[in-house]
Amino acid sequence: MPDKEKYEEVKKIFTAYLENKGLRKTSERYAILEEIYSRTGHFDVEELYAGMKEQGLQVSRATVYNTLDLLVEHGLVSKHQFGRNLAQYEKSYGYRQHDHVICTECHKVVEFCDPRIHGIQTMVGELLNFHILHHSLNLYGVCGDCRAKAAARSLAE
């Protein structure tokens, strides 16, 4: 179950957004929103869809895709590519800005936060006369687990 207070706030924002756009406020859309805000970390569409089906929730794949698009458009969910053809999502309302380190071997994603990055963002915005709205920093490398597996394979050869 998501943080009840945060979920209710997000639900109100989403409701206002749907009303403003003249879109229907369906139980499926709210079930998807609740499922997303009860998750931790990153997920793809199939993981979200399968998780909802396991709970016995009746929702189509198309509704999941369409609702995710609406949530991304309104800033309640963030979408990432991380160098693969598979989009990854995460809840974003009320969560601190963070960046990602992605393993190019196993595709593990680790989040990190460094206040120096915010300082750089502010300085660059002032220097170049930009009002920076948001940023995305993804660092790619090989994680310690994958490096250890590679070392073990090379020793075995």
Side-chain angles (χ1 to χ4, degrees), residues 1-7 9-10 13-14 17 28-29 31-57 59-157:
M1 187 66 185
D3 171 338
K4 194 71 173 161
E5 198 171 301
K6 184 170 282 182
Y7 173 71
E9 194 174 337
V10 170
I13 293 166
F14 189 46
Y17 176 71
E28 292 87 355
R29 285 179 172 160
I32 292 166
L33 180 67
E34 186 172 354
E35 176 66 18
I36 290 169
Y37 273 79
S38 65
R39 290 176 167 266
T40 57
H42 303 90
F43 60 90
D44 62 42
V45 173
E46 286 305 312
E47 290 169 340
L48 180 62
Y49 178 74
M52 295 187 77
K53 284 295 186 190
E54 283 175 18
Q55 295 176 46
L57 298 169
V59 62
S60 72
R61 226 180 229 98
T63 300
V64 171
Y65 275 102
N66 292 335
T67 302
L68 274 170
D69 286 346
L70 291 172
L71 293 167
V72 168
E73 183 180 307
H74 197 54
L76 298 175
V77 171
S78 296
K79 180 179 181 179
H80 307 282
Q81 284 301 132
F82 296 137
R84 298 168 62 198
N85 290 336
L86 182 66
Q88 295 273 302
Y89 299 86
E90 65 181 327
K91 57 191 171 192
S92 57
Y93 181 78
Y95 291 88
R96 65 176 169 59
Q97 169 61 48
H98 62 272
D99 299 292
H100 303 96
V101 178
I102 301 103
C103 180
T104 57
E105 299 292 319
C106 69
H107 308 290
K108 174 171 52 177
V109 177
V110 178
E111 297 176 355
F112 71 95
C113 185
D114 188 324
R116 293 174 295 182
I117 294 170
H118 179 72
I120 293 168
Q121 176 179 303
T122 301
M123 180 192 67
V124 168
E126 289 171 1
L127 185 66
L128 300 176
N129 194 26
F130 268 77
H131 173 72
I132 307 294
L133 300 172
H134 58 83
H135 80 271
S136 175
L137 175 63
N138 297 324
L139 303 173
Y140 295 88
V142 181
C143 72
D145 291 342
C146 289
R147 287 194 324 275
K149 287 177 189 170
R153 276 194 305 272
S154 67
L155 285 176
E157 294 175 352

Acceptor/donor pairs from residues 115-128 side chains to any protein atom, 3.5 angstrom cut, sequence neighbours excluded:
{"residue": "Arg116", "atom": "NE", "partner": "Asp114", "partner atom": "OD1", "Å": "3.0"}
{"residue": "Arg116", "atom": "NE", "partner": "Asp114", "partner atom": "OD2", "Å": "3.1"}
{"residue": "Arg116", "atom": "NH2", "partner": "Asp114", "partner atom": "OD2", "Å": "2.4"}
{"residue": "Gln121", "atom": "OE1", "partner": "His135", "partner atom": "ND1", "Å": "2.5"}
{"residue": "Thr122", "atom": "OG1", "partner": "His118", "partner atom": "O", "Å": "3.0"}

Give the table of side-chain donor-acceptor pairs shorter than 3.5 Å for residues 68-80, with sequence neighbours excluded, one pair per line with atom names and distance.
{"residue": "Glu73", "atom": "OE2", "partner": "Tyr17", "partner atom": "OH", "Å": "2.3"}
{"residue": "Glu73", "atom": "OE2", "partner": "Lys21", "partner atom": "NZ", "Å": "3.1"}
{"residue": "His80", "atom": "NE2", "partner": "Glu90", "partner atom": "OE2", "Å": "2.7"}

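The two residues Glu34 and Tyr7 make their nearest non-hydrogen contact at CA-CE1, 3.4 Å. Closest non-hydrogen pair, Val142 versus Arg147, comes out as O-NH1, 2.8 Å. Closest non-hydrogen pair, Glu47 versus Arg39, comes out as O-NH2, 3.1 Å.
Here Tyr49 contributes atom OH and Asp44 contributes atom CG; the two are 13.5 Å apart, rounded to the nearest 0.5 Å. Separating the NE2 atom in His100 from the OH atom in Tyr140 is a distance of 10.0 Å, to the nearest 0.5 Å. To the nearest 0.5 Å, the span separating CD on Glu46 from NZ on Lys53 amounts to 11.5 Å. Atom CD of Glu28 sits about 8.5 Å away from atom CE of Met52, to the nearest 0.5 Å. For the atom pair Tyr65 OH and Leu48 CG, the distance stands at 10.5 Å (nearest 0.5 Å).
Checked options Leu139, Val110, Asn138; the residue passing with Ile102 is Asn138 (criterion: side-chain contact (heavy atoms from CB on, under 4.5 Å)).
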Verdict with supporting geometry, Thr67 and Leu33, side-chain contact (heavy atoms from CB on, under 4.5 Å): CA-CA 8 Å; Thr67 302; Leu33 180 67; 5.9 Å; no

Verdict with reasoning, Lys91 to Lys6, per side-chain contact (heavy atoms from CB on, under 4.5 Å): CA-CA 11 Å; Lys91 57 191 171 192; Lys6 184 170 282 182; over 6 Å; no

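Remark: Gln55 pairs with Glu35, Leu57 by the side-chain contact (heavy atoms from CB on, under 4.5 Å) rule, at least two apart or across chains.
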